[in-house]
Amino acid sequence: MLDIAFIRTECDQVKNAARAKGVDVDIDRLLDLDERRRKLITENSELRARRNDLSRAVRELRGGDRDQAIAESKSVGARVTEVERELAEVAAAFDELMLRVPSIPAPEVPPGESDADNLEIRRWSQPRQLDFPVRDHVDLAQALDLVDFSRPQAYAGSRSYALKGDGVLLEQAVLNFALNHVAAKGFVPVSPPVLVKEQALVGTGFFPLGYEDTYRLERDGLFLAGTSEVGLVSLHRDEILDEKRLPIRYVGISPCFRREAGAAGKDTKGLYRVHAFNKVEQVVLCRNDEAVSEQEHHGLLRNAEEIVQALGLPHRVALACAKETGLGQVRKHELETWMPSRNGYCETHSCSTLHEFQARRSKIRYRDQSGSLRFVHTLNNTAIASPRILIAILENYQNADGSVTIPGVLRPYLGGRSRLEPRGESGSR
RNA sequence: GGGGAGAUGGCCGAGUGGUCGAAGGCGCUCGCCUGCUAAGCGAGUGUGGGGUGUUAAACCCCACCGAGGGUUCGAAUCCCUCUCUCUCCGCCA
């Protein structure tokens, strides 16, 4: 959410942002509603002031004067009711529209229509040249007995899977490794609620646009969050923080749930696009200072790169173009990891700066040195998301004999073993 | 799931129809006092919105005592609904 005063004075900037991001929002209508809204508020205040005066008079007057004051107050009261009903309508439309106004992209964000227009920033390492037929992660996982797809899909639907055996150990290993890596930098680990109220999803900017992509538990009026970011940011909703506490840096770990409503038929095979997964997520709340949040952004990005590099996975970092930059995002970098079977770099991490967007919606503020209240800036980035990252690990580390080498940093989590061996072959484990 | 209690400012806590944005205390800020600290004294200390001004400040008004609705000339105070918290019983992990 943006400041309505900003939208008023910089409406061209806002319109441009909406156009560049492909967001459908009628700014002129919003401004019109804003004007009507303020008019009604003013009228309402004046009427109430009058009524307050009359009430005071009623107390002091006697006889006919008193009756007259009561009569007038009654009619003013009736008018108040009328104005308030109208105001409620206008305000509801105004509020609804406000939730759809995008953040202004940072100046460096390139224009563009699709991820093909994202700007590659850097690459790390080279994909291995494999001198044997490349197997995809589904084959590898099945040969190594790490995943069962068919049975879970029968009783849990499409995009379901069950990790088993070393698959579970491998997942726990990457999650643990990433969690420890970020926690070691002072990020406070949090395992937040993933079953949340609508307000948490509105507050973090996922609603209203992401409604269709979110699981809803109708009986209980709750939703399953698609990321722990929802719970982490909401931890401070309605709070006035002490500036000395900033920046607040969290590393969350939680299951994540996504309906993938708009992705029917896309990436249906394997572990790439699933309805439920686990993610270690970094979230930062910092001072309302663009330079500070930019710095935090790059810190988050660096952490993610360190993790992927420690895992030895070739990857690149790209700056998302305007169209790929979400409603609330000011800038977004994607970290894309090499996946041999897809013959490309695929998104495994997403690093976002949101400035005040979430803080305004969630009312997270702090008092600055001059004593005035400011909204914090928020940022987030993946640390690791599984099982998607397992694709990259299995495929990049596969060997000609069907075994998979375990990245060095994960070995301590897997009993010191260096390889995952196909079942039944070369017995060591 | 059933019963009971409660929700007031940063915190504690008064307040049952008007003079209450709200007593008192604690905390915090500033000043005085003090060789330092403590104590003491004095002043200040919520948020949101609208308007005037014009962007620095200042001023005026409106709203907010869990949320929403109702009664009333007027509600923190009365009525209804909801939410949340605590607690006892049951159930489960």
Side-chain angles (χ1 to χ4, degrees), chain A residues 1-11 30-99 101 191-203 216-223 231 234-246 248 255 288 356 358-376:
Chain A
M1 192 153 73
L2 303 186
D3 185 353
I4 183 61
F6 174 85
I7 299 172
R8 277 201 290 264
T9 55
E10 303 294 337
C11 77
L30 177 68
L31 293 175
D32 178 56
L33 286 166
D34 174 47
E35 209 176 308
R36 286 168 62 196
R37 173 183 144 268
R38 282 188 294 159
K39 230 168 160 172
L40 289 166
I41 288 171
T42 303
E43 187 180 356
N44 187 237
S45 298
E46 284 164 358
L47 287 169
R48 281 175 168 270
R50 178 65 186 151
R51 185 173 67 176
N52 288 346
D53 288 344
L54 289 166
S55 294
R56 216 163 290 137
V58 167
R59 224 173 39 231
E60 284 145 19
L61 296 174
R62 290 288 174 275
D65 289 347
R66 184 171 185 277
D67 294 341
Q68 203 175 346
I70 288 176
E72 187 184 346
S73 183
K74 257 185 174 157
S75 81
V76 171
R79 183 83 188 110
V80 166
T81 307
E82 241 173 83
V83 169
E84 285 184 351
R85 205 189 48 239
E86 197 180 339
L87 177 59
E89 265 172 46
V90 172
F94 173 81
D95 292 344
E96 204 275 333
L97 219 44
M98 280 294 278
L99 293 178
V101 178
S191 164
V194 290
L195 207 48
V196 298
K197 295 182 186 176
E198 184 172 13
Q199 56 177 20
L201 289 154
V202 172
R216 175 166 65 118
L217 285 81
E218 193 168 13
R219 253 160 73 105
D220 303 289
L222 295 170
F223 297 83
S234 298
L235 228 34
H236 295 291
R237 76 191 331 273
D238 288 320
E239 276 188 41
I240 295 174
L241 300 163
D242 188 338
E243 186 175 11
K244 290 193 284 275
R245 283 182 64 189
L246 301 176
I248 294 173
N288 190 313
E356 300 182 344
Q358 292 181 321
R360 279 187 177 274
R361 292 173 172 239
S362 296
K363 295 196 178 57
I364 306 174
R365 296 170 296 176
Y366 67 97
R367 205 172 288 283
D368 71 11
Q369 286 173 338
S370 75
S372 51
L373 290 172
R374 311 284 311 270
F375 288 100
V376 300

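Bear in mind the structure is a predicted one, so any value in this text is a computation, not a measurement. Scope of the values below: all heavy atoms of this structure, side chains included, with no hydrogens, waters or symmetry mates. A note on names: the letters A, B, ... follow the listed sequences, proteins ahead of strands, and every chain is numbered from 1.
Residues passing the side chain to side chain donor-acceptor pair (under 3.5 Å) test with A:E10, sequence neighbours excluded: A:Q13. Annotation: side chain to side chain donor-acceptor pair (under 3.5 Å) contacts of A:R365 (sequence neighbours excluded): none.
Counting only residues at least two apart or on different chains, the side chain to side chain donor-acceptor pair (under 3.5 Å) pairs with a member in residues 86-99 of chain A are A:E96-A:R100.
Around atom CD of A:E218, no more than 12 heavy atoms belonging to other residues, nucleotides or ligands sit under 6.0 Å away. Counting heavy atoms of neighbouring residues, nucleotides and ligands inside a 6.0 Å radius, atom CD of A:E35 does not exceed 12 of them.
Taking atom C1' in both B:G90 and B:C11, the straight-line distance is 36 Å, to the nearest Å. Rounded to whole Å, the separation between the P atoms of B:G1 and B:C61 comes to 50 Å. Distance check on atom P: B:U19 versus B:U77 gives 13 Å, rounded to whole Å. Rounded to whole Å, the P atom of B:G66 lies 16 Å from the corresponding atom of B:G21. Using atom P as the reference point in both B:U37 and B:C60, the two lie 39 Å apart (nearest Å). Atom P of B:G10 sits at a distance of 9 Å from the matching atom of B:G46, rounded to the whole Å. For B:C12 and B:A23, the C1' atoms lie 14 Å apart once the distance is rounded to whole Å. Using atom P as the reference point in both B:C82 and B:C91, the two lie 28 Å apart (nearest Å).
Nucleic acid contact class of A:R56 (heavy atoms, under 4.0 Å, all strands): none. Among the protein residues, A:L373 comes within range of the sugar-phosphate backbone only, with heavy atoms under 4.0 Å from sugar or phosphate atoms but none that close to a base. Residue A:L54 is out of contact with every strand shown, counting any heavy-atom pair closer than 4.0 Å. Using a 4.0 Å heavy-atom distance criterion, A:R48 is classed as a sugar-phosphate-only contact. As judged by a 4.0 angstrom heavy-atom cut-off over every strand, A:N44 is placed among residues making no nucleic acid contact.
Figure legend. B:U81 is base-paired to B:A67; pairs are counted as Watson-Crick or G-U wobble with both atom distances under 3.5 Å. Of the nucleotides present, none pairs with B:U72 by Watson-Crick or G-U wobble criteria with both distances under 3.5 Å. The base-pairing partner of B:C20, taking Watson-Crick or G-U wobble contacts with both distances under 3.5 Å, does not exist among the strands shown. In a base pair of the Watson-Crick type (N1 to N3 plus N6-O4 or O6-N4) or a G-U wobble (N1-O2 and O6-N3), with each distance short of 3.5 Å, B:C59 is matched with B:G51. With a 3.5 Å ceiling on both atom-pair distances, the Watson-Crick or G-U wobble partner of B:A43 is B:U29. Judged by Watson-Crick or G-U wobble contacts below 3.5 Å, the nucleotide B:U34 has no partner. Across the strands present, B:A93 finds no partner; the criterion is a Watson-Crick or G-U wobble pair with both atom distances under 3.5 angstrom.
Side-chain N or O atoms of A:S362 include none that pairs as donor or acceptor with a backbone N or O of A:R237 at under 3.5 Å. At least one donor-acceptor pair under 3.5 Å links the side chain of A:D3 to the backbone N or O of A:A5. Remark: the backbone N or O of A:V202 is paired with a side-chain donor or acceptor of A:R361 at under 3.5 angstrom.
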Listed pairs under 3.5 Å, donor-acceptor, residues 72-80 of chain A side chains, sequence neighbours left out:
from  : atom 1 : to    : atom 2 : distance (Å)
A:E72 : OE1    : A:R50 : NH2    : 2.9
A:E72 : OE2    : A:R50 : NE     : 3.0
A:E72 : OE2    : A:R50 : NH2    : 2.8
A:S75 : OG     : A:E72 : O      : 3.0
A:R79 : NH1    : A:E82 : OE1    : 2.9
A:R79 : NH2    : A:E43 : OE2    : 2.7

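The distance from atom CG of A:D34 to atom CG of A:L97, rounded to the nearest 0.5 Å, is 11.0 Å.
Put simply, chain A comes within 4.0 Å of RNA chain B, heavy atom to any atom, from B:G18 to B:G74, going 5' to 3'.
Listed here is the closest heavy atom pair of A:F375 and A:K363: CE2-CA, 4.2 Å.
The residue among A:R367 and A:R50 whose nearest nucleotide of RNA chain B lies closer to the 5′ end is A:R367. Nearest-nucleotide assignment on RNA chain B puts the 5′-proximal partner with A:I240, out of A:E46 and A:I240.
For residues 69-94 of chain A, proximity to RNA chain B is found at A:I70, A:S73, A:K74, defined as any non-hydrogen atom under 4.0 angstrom from a strand atom.
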